[in-house]
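Residue numbers begin at 1 in each chain, while the letters A, B, ... track the order of the sequences. Atom set for the values below is all heavy atoms of this structure, side chains included, hydrogens, waters and symmetry mates excluded.
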Amino acid sequence: MVALFPLKSVIIIIIIIMATVEDVLESVTQSQASKYKTIEVQKDIEPQLDLGNLLTVDQNPLDLKKLRGDKEAYLKSQARDNTQLLFNAIWKLPTERVEEAICVKLPETTTVLPREKPIPKAKLQTKWEQYALLKGIQKRKKGRMVWDEEAKDWRPRWGYKRANDETKDWVIEVPGNADPNEDQFEKRMKAKKERVAKNELQRLRNIARGTKSKVPGVGLTPTEKPSKEEVGLALHLAKKSTASLGKFTEKLPKEKEAKHVGKKRKFEPAIGDFKKEKEQQLNIINVMENKKPKMDITKAVNRVMTEVDQEASSDDRRKRAGKVKNRRGPPRKKGSGGFGKKGKAGKGKGAKGMGGKGKGMGGKGKGKGKGR
Amino acid sequence: MATVMQRIVKPKTQAAKRALDVRSPKLEENDKVAMFIKGGHTSETITQVLKELYLLKKPNAITFKRKNIMRPFDDQSSIEFFSQKNDSSLFLFGSHSKKRPNNLVLGRLYDHHVLDMVELGVVHFRSMQDFPTEKIAMGTKPCLVFEGEAFEQDHEHRRLKSLLIDFFRGVKANNVRLQGLEHVLQFTAIDGKVMVMSYKVLLKKSGSRTPRVELTEIGPALDLEVRRTRLASDDLYKKACKKPKKGKPRKVKNVKTDVFGAKMGRVHMERQDFSKLQTRKMKGLKRQAPSNKENAKKAKTESSEPTAEES
C-alpha cells in the first residue's frame, strides 16, 4: 500500500514542502528585521564628532516649517539622529572591561578650549644646581634612619627624636682657645640662627635671580632684627639712592648727619713716593704704546676652564645612558687636566703679579711666559 | 611664583602646601568649577534656572546664597575676586530688571581675568519638575549636540559654542562606561536665539551590537536670546588656548606584574600590637581573672546544689 504512491508525486510533495519551509523562514527573518528599528541615519552634511568631549556639531540647515509647526518633536528627532550618529562612532571604539563594566576608551579631545590658568613657567635652576650640572654631581638620596651611637638604635636623621641631637647636650666642652666666660650654649644657638638666616638669604637670592630683580648687597638684605649700624647703613643708602645722589634729600628735624657711613675711598697722597709716581706714569705710556691688546689672564683662563668643563659634562651626560648613582664627576681628560694645571699656575702668577697698579705690566709679562 | 618652592613666604604646614599646589597653574589642569551668582534683583524664573543648571553642573559648581549687587559688563573686578577666592574659572550670573528681564550672564575667566562674557535672556523656561519622567544621576557626563549654521558662521555664536562646551562638558574622562551615557544636551541656534533641551537616553535593541537610541525629555528647556557680548580679543584668546608641551609621563610607583600577569603592589602598614587587636568577641573564650573564676564556680555549684536537692 505504501509503495503504491508514485515516485514523481512524492518528489513533487517534497519540493512543495521545501518551498513552504523557505517561505516561512523568510517571513520569520523579515519580521525579526522589522521588529528592530534601524540605527542608520541619513544626513546631507556629516556632523563633526569630537568623541573626547562627546560632542556632535551638526551644520545642516534646519527645517523652518517644522520648527514653526511642532518645535519640540522636531528638535527631539534631530537630537535623536545626532546622538545615534555619535553612539555609532563610540561603539566602534575599542572596549575594555573595568570591574564588571564595559568601558570604552575615548580618544583625545579635538576641540580647542581655553585653559583656566597660564602654562607654568619652568623652574629656574639655583646656583648650586647649575654648578652641580656643570660638574656632573649627582644627587645622593639619604635614608631617613641613621644609627645613633648613644642610644644604640636607629633614629630619624631629622625631626622629632632625631639622632645626634645637639640641642639635647647638657654638657659642652669649652675648647682650649675660647674665652672661659663665653656661653657655649648661647654660641651654638647663635651659630644655628646664623646658618638659618644664611640659608634663607640664599633661597631668596635664588628666587630674585629667577625673577631677574636686582639682588641687594649684603648690607641691605632683610634680617629679622637689624642692628643699629645695619639700620643706619640702610638709611644712608636709601637717602643716597636718588637721581642727584642724595644732595637734595631733606633731613628729619632732629636727625644728625651721619659721619663715616659707606665705603671709604682711599687716595694716595698728592706728593709722596716719587719713585712710585714715576713708575706709574711710565707704565701708562707703555700701555698706550703697546701694540698687543691687554689681556686679563685670569678671566681668559677661567673662561676656557668653564668651557672645557661644560664640554666634558655634556659629553659624559650623553655617554651615560642609564642612571649611575655613585658618581662624583666626569673623568678628567688629560688635555684638560694638563691645561688646567698650567692655567692654574698661570692664574696664580697672574693674580700675584697683578696686585697693585704699578706692577700690572710686569705681572702680566711673567704670567704669559709661564702660560706658554 | 612658579611653584610652591619658589614662593617668598613658604607655607608652614603640609595641608597649606597641598592647598596651594591644587590652585597653582599646572600642565594638566583641574576640571573647571562654575560659580552661580544672583544679582541685586532676581525673578522666580531666574532663581529656578540657576538652581537647575547648578544641579546639572554639580559637583564642579559653587552656588552663592546671598544676592550680590554687581554689574558684570561694567565692572569685572567683583567676578575676578570671586574667581580668585573660590578657584573657579566659569560663572553664571542671573538677574532681573525692567530693562533686561530674566538676564543671564555666562562667562569664563583666564588667569582670574574675564575672558569671554555673553548676556542671554531667558525668553521661555520649562523646569525639570514640569517633566514627570525619571531623572539622571548627578555628575553624569553629558553628550553635547549643537545644531544650526550660526554656530559655525557667526563669530559670536562660535565663541558662545565654545563657552557652552566648556561650561557643560563635565569632567575630563578617558574611559566612559557604555551604560553610563545617559544624558544629552542639545543647543539649537535659530535666528539669534538658542534653544537648550535636555534628554535622557534609552538604549534599545537593534539588530547589531550598536543599540538604537531613544530620547525622553527630562531636564530644563530654555529659550535664550543672545543680548550683549564681551568677547576676548583674538590674541588673548589664542594665548589662553596655547597648549603646553607634554611633560614626561609620571612613573607609577609600587606596581609590578609577576610572571603570571597578576598586578602586585605593597601595602605599608603601621606597627600593630597583635595582643591588642580588635577582633570579634566570643564570650566563652574570654579569659577570666582567677578571683572571678572562683566566684563563678561557687555560683555554679550553689545553683546546682539546690536543684540536686530538689531532685
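- Both the backbone and the side chain of B:Y110 come within contact range of chain A, each with at least one heavy atom under 4.5 Å from a heavy atom of that chain.
- Atom CG of residue A:D58 and atom CZ of residue B:F151 lie 11.5 Å apart, to the nearest 0.5 angstrom.
- Proximity to chain A (any heavy atom under 4.5 Å) is restricted, for B:S208, to the side chain, taken from C-beta onward.
- Open room surrounds CD on B:E28; 12 or fewer heavy atoms of other groups in view lie less than 6.0 Å from it.
- If you measure heavy-atom distances from A:L67 to chain B, the contacts under 4.5 Å come from the side chain alone.
- With a 6.0 Å radius and a threshold of 12 heavy atoms from other residues, nucleotides or ligands, A:K43 has its NZ atom above the threshold.
- Contacts of A:T95 with chain B are made by side-chain atoms alone, with heavy-atom separations under 4.5 Å and no backbone atom involved.
- Contacts between B:L203 and chain A at a heavy-atom distance below 4.5 Å involve the side chain alone, from C-beta outward.
- Applying the salt bridge (charged side-chain N to carboxylate O under 4.0 Å, His left out) rule to pairs touching residues 193-203 of chain B yields B:E134-B:K200, sequence neighbours excluded.
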Run the side-chain contact (heavy atoms from CB on, under 4.5 Å) check on A:Q59 and B:Q153 step by step: do they pass?
CA-CA 10 Å; A:Q59 288 176 43; B:Q153 291 164 359; over 6 Å; no

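- Annotation: maximal heavy-atom pairing with chain B below 4.5 Å, among A:L124, A:L113, A:L93, occurs at A:L113.
- Here the side chains of A:L106 and B:N175 are not in contact, with every heavy-atom distance at 4.5 Å or above.
- Using a 4.5 Å cut-off between heavy atoms, B:L181 touches chain A through backbone and side chain atoms alike.
- Between the side chain of A:R115 and the main chain of B:L27, a donor-acceptor pair closer than 3.5 Å is present.
- There is no contact between B:K238 and chain A, counting heavy-atom distances below 4.5 Å.
- The closest side-chain heavy-atom distance from A:I119 to B:P25 is not below 4.5 Å.
- For the residue pair B:E147 / A:N82, a side-chain donor-acceptor distance below 3.5 Å is found, with atom types taken as modelled.
- A:K37 contributes atom NZ, which lies 5.5 Å from atom CZ of B:R212 (distance to the nearest 0.5 angstrom).
- Of the atoms belonging to B:P211, heavy atoms from both backbone and side chain fall under 4.5 Å from chain A.
- Against chain A, the residues from residues 166-174 of chain B that qualify, each with a non-hydrogen atom under 4.5 angstrom away, are B:D166, B:R169, B:A173, B:N174 in number order.
- Residue A:I102 places its CD1 atom among 12 or fewer non-hydrogen atoms of other residues, nucleotides or ligands, all under 6.0 Å distant.
- Both the backbone and the side chain of B:L215 come within contact range of chain A, judged by heavy atoms closer than 4.5 Å.
- Looking at B:A189, only its backbone comes within 4.5 Å of chain A, counting heavy atoms on both sides.
- Residue pairs satisfying the ring-ring contact (aromatic ring centres under 6.0 Å, His included) criterion with at least one member in residues 89-119 of chain A, sequence neighbours excluded, are listed as follows: A:F87-A:W91.
- Looking at B:I190, the atoms closer than 4.5 Å to chain A (heavy atoms on both sides) all sit in the side chain, from C-beta outward.
- Atom OG1 of B:T188 sits about 8.0 Å away from atom CD of A:Q78, to the nearest 0.5 Å.
- The shortest distance between side-chain heavy atoms of A:T111 and B:S162 does not fall below 4.5 Å.
- Looking only at side-chain heavy atoms (C-beta outward), B:V145 and A:L55 stay at 4.5 Å or farther from each other.
- In this structure, A:L86 CG and B:C143 SG are separated by 5.5 Å, a value rounded to the nearest 0.5 Å.
- Applying the salt bridge (charged side-chain N to carboxylate O under 4.0 Å, His left out) test to pairs two or more places apart or on separate chains, those with a residue in residues 71-89 of chain A are A:K71-B:D223, A:E72-B:R126.
- For CH2 of A:W147, the number of neighbouring non-hydrogen atoms (other residues, nucleotides, ligands) closer than 6.0 Å is greater than 12.
- A pairwise comparison of heavy atoms in B:Q186 and A:L75 identifies NE2-O, 3.0 Å as the closest pair.
- Using a 4.5 Å cut-off on side-chain heavy atoms (C-beta onward), A:V104 and B:R177 make no contact.
- In this structure the side chain of A:E116 never reaches within 4.5 angstrom of the side chain of B:R108, judged on heavy atoms.
- A salt bridge between B:E29 and A:K117 is absent, with no side-chain N of the basic residue lying under 4.0 Å from a carboxylate O of the acidic one.
- Side-chain atoms of B:K26 and A:P120, non-hydrogen and from C-beta on, never get closer than 4.5 Å to each other.
- Counting heavy atoms from C-beta outward, A:L54 and B:L144 have side chains that stay 4.5 Å or more apart.
- Between A:Q84 and B:V213 the shortest heavy-atom distance is OE1-N, 2.8 Å.
- Atom OG of B:S206 is separated from atom CD of A:E40 by 9.5 Å, given to the nearest 0.5 angstrom.
- Heavy-atom pairs under 4.5 Å with chain B peak, among A:N53, A:I90, A:V112, at A:N53.
- Of all heavy-atom pairs between A:I207 and B:R7, the closest is CD1-O, 3.7 Å.
- Side-chain contact check for B:E149 and A:N60: no donor-acceptor pair (N or O, by modelled atom type) lies under 3.5 Å.
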